[in-house]
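Below is one structure; the comments refer to it alone.
As the structure is a computational prediction, the values presented were derived from the model and not from experiment. Heavy-atom basis, side chains included; hydrogens, waters and symmetry copies ignored.
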Amino acid sequence: MTALKLENINKSFGSTQVLKDINLSVDEGEFVVFVGPSGCGKSTLLRVIAGLEDATSGTVEIEGETVNHVPPAKRGIAMVFQSYALYPHLTVKNNMALGLKHEGQPKALVEERVAKASGMLDLDDYLERRPSDLSGGQRQRVAIGRAIVRDPKLFLFDEPLSNLDAALRVNTRIEIAELHRTLSASIVYVTHDQTEAMTLADKIVVIRDGVIEQVGTPMELYNNPVNKFVAGFLGSPSMNFLSKSVPNLEAGLTLGIRPEHLSLVDDNEGSIGGEVILVERLGSDTNLLVNTDQSEMLTVRLFGQYDTQVGTRVSIKYEPDHAFYFDEANNRVESHSV
């Protein structure tokens, strides 16, 4: 079954069009991540799905039902926001139960669902506490629990980890992934963080300026980007783009090569020469930022620990089988000459 189907969704605010002919299907049980830079329209699209914004044109279907004119509370969705949006005067238990109580659900059902959600999210010891007594990660788990108890057709997450510090982001990301596996839930998740997208998604939707650039699995997008934007957006460190530093490159083309597909070789054995201007020692990896002889910047990712110093002259070789080529319109092409 299709959990969500979007057909020709357009959204304008006055004369500004922020969503342009969006077409997308989300299968039941699928974890789909909308990713893109700030202002690309991903959160607006999520709000259109939720019913918090009306589409200017187009159709939103949830489990086969057109919901354009259905209020948010009746759409069978549960949303987790960037801000936790918890009631400060209510306990964790009552925050999680509030939506079900407003629906008039039987007390026994409310107790059962809250107990199940709190057990899944390791919140049993905090049920009688108030939000002010919790850490940021615990508050976000309460917000997720509030969504779980509603047993929705579709979970919507709007940048839920952006307010957490680095360690909590990793832990909560693991919990969300485990939640998806446990519930087999249909999830649409918005983030600007490509690491979250790559690690969580069954399917990534890359959005730029209100347009879907590419849809696919994380590895499909990483290994087969359709254009320069997608190639550069996914991957950390990001892909290198060279137009002047590669000998015999066909005029008008740009070569894209990921940092892990570059290596240091003996003097004059590599096709690219340059000077190291920054060394990032990360323990397991070492990243070198190199200014090429043609004044283009590139990053070389070396696996392991290296004592390379700033100012060192290096010779660099790239792996042709892992090279990408882009034309002047930034679209991927196959023809090239090197």
Side-chain angles (χ1 to χ4, degrees), residues 3-6 9 19 22 24-53 60 62-63 67 72-73 75-86 95-96 99 117 120-123 131 136-166 168-207 212 215 217-218 234:
L4 172 70
K5 186 176 183 180
L6 305 175
I9 295 294
L19 297 175
I22 300 292
L24 180 70
S25 292
V26 176
D27 293 333
E28 187 173 8
E30 195 170 33
F31 197 130
V32 175
V33 176
F34 296 168
V35 69
S38 296
C40 70
K42 56 189 183 295
S43 288
T44 299
L45 181 56
L46 196 75
R47 291 173 65 83
V48 168
I49 296 168
L52 301 175
E53 299 282 357
V60 180
I62 296 177
E63 290 193 350
V67 296
R75 291 194 178 195
I77 58 99
M79 195 163 182
V80 179
F81 295 93
Q82 177 178 342
S83 61
Y84 316 123
L86 302 177
N95 264 289
M96 293 171 65
M120 291 174 59
L121 295 167
D122 196 23
L123 290 171
Q138 290 165 343
R139 293 179 196 177
Q140 192 57 279
R141 294 212 304 271
V142 176
I144 294 170
R146 182 178 54 194
I148 291 173
V149 299
R150 298 190 61 193
D151 192 22
K153 300 174 184 176
L154 184 66
F155 286 90
L156 306 178
F157 288 81
D158 189 9
E159 304 210 39
L161 308 185
S162 59
N163 287 336
L164 304 181
D165 63 32
L168 282 175
R169 286 172 74 96
V170 172
N171 291 338
T172 309
R173 190 168 73 220
I174 293 170
E175 290 167 354
I176 291 173
E178 181 61 28
L179 170 69
H180 176 241
R181 286 191 293 269
T182 302
L183 296 178
S184 299
S186 305
I187 296 175
V188 176
Y189 186 105
V190 165
T191 182
H192 64 274
D193 186 328
Q194 58 91 19
T195 300
E196 285 179 30
M198 294 288 289
T199 55
L200 286 172
D202 296 320
K203 183 165 69 182
I204 294 176
V205 180
V206 181
I207 301 174
I212 292 178
V215 179
T217 67
L234 295 177

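Scanning both residues, A117 and V149, for their nearest heavy atoms gives CB-CG1, 3.8 Å. Nearest approach of I77 to P72, heavy atoms of both residues: CG1-O, 4.0 Å. Residues T191 and A197 approach most closely at CG2-N, 4.2 Å, considering heavy atoms. Of all heavy-atom pairs between Q138 and L123, the closest is O-CD2, 4.2 Å. A pairwise comparison of heavy atoms in S186 and G29 identifies OG-N, 2.8 Å as the closest pair. Considering all non-hydrogen atoms of both residues, V190 and S43 come closest at CG1-OG, 3.7 Å.
Note on ring orientation: taking the six-membered ring where Trp is involved, the planes of Y189 and F31 are tilted (angle from 30° to 60°).
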Apply the test side-chain contact (heavy atoms from CB on, under 4.5 Å) to residues E175 and I144: give CA-CA distance (whole Å), side-chain angles for both, the deciding distance (0.1 Å), then the verdict. CA-CA 10 Å; E175 290 167 354; I144 294 170; 5.9 Å; no
Does the side-chain contact (heavy atoms from CB on, under 4.5 Å) test come out yes or no for L6 and L45, once each step is laid out? CA-CA 10 Å; L6 305 175; L45 181 56; 3.9 Å; yes
Test K203 against D27 for salt bridge (Lys or Arg N to Asp or Glu O under 4.0 Å), laying out the working first. CA-CA 10 Å; K203 183 165 69 182; D27 293 333; 5.4 Å; no
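R150 places no side-chain N or O within 3.5 Å of a backbone atom of G99 that could act as its donor or acceptor partner. A donor-acceptor pair is defined here as one N or O able to donate and one able to accept, closer than 3.5 Å; no such pair exists between the side chain of E30 and the backbone of D202. A distance-only check finds a donor-acceptor pair linking the side chain of K42 to the backbone of P37 [under 3.5 Å].
Between P131 and V142 the shortest side-chain heavy-atom distance does not fall below 4.5 Å. Contact of the I49 side chain with the L154 side chain is registered, since non-hydrogen atoms from C-beta on lie closer than 4.5 Å. Counting only heavy atoms from C-beta outward, the side chains of F155 and V80 never approach each other to under 4.5 Å. I204 has its side chain out of reach of V215: every pair of non-hydrogen atoms, C-beta onward, lies at least 4.5 Å apart. A heavy-atom distance below 4.5 Å is not found between the side chains of E196 and V33. The shortest side-chain heavy-atom distance between L156 and R47 does not fall under the 4.5 Å cut-off. With contacts defined as side-chain heavy-atom distances shorter than 4.5 Å, the pair D193/R169 qualifies. Contact check for I176 versus L161: side-chain heavy atoms found under the 4.5 Å cut-off.
When the options V32, V60, L24 are evaluated for a side-chain contact (heavy atoms from CB on, under 4.5 Å) with L4, the one that passes is V60.
Atom CE of residue M79 and atom CG of residue D158 lie 4.5 Å apart, to the nearest 0.5 angstrom. To the nearest 0.5 Å, the span separating CE on M120 from CG on L179 amounts to 5.0 Å. Between L86 atom CG and Q140 atom CD the span is 8.0 Å, to the nearest 0.5 Å. Atoms CZ and CD1, from F34 and I22 in turn, are 8.0 Å apart once rounded to the nearest 0.5 Å. Atoms CE and CZ, on M96 and R141 in that order, are 10.5 Å from each other to the nearest 0.5 Å. C40 SG to H192 NE2: the interatomic distance, rounded to the nearest 0.5 Å, is 11.0 Å.
Heavy atoms of other residues, nucleotides or ligands lying less than 6.0 angstrom from NZ of K153 number more than 12.
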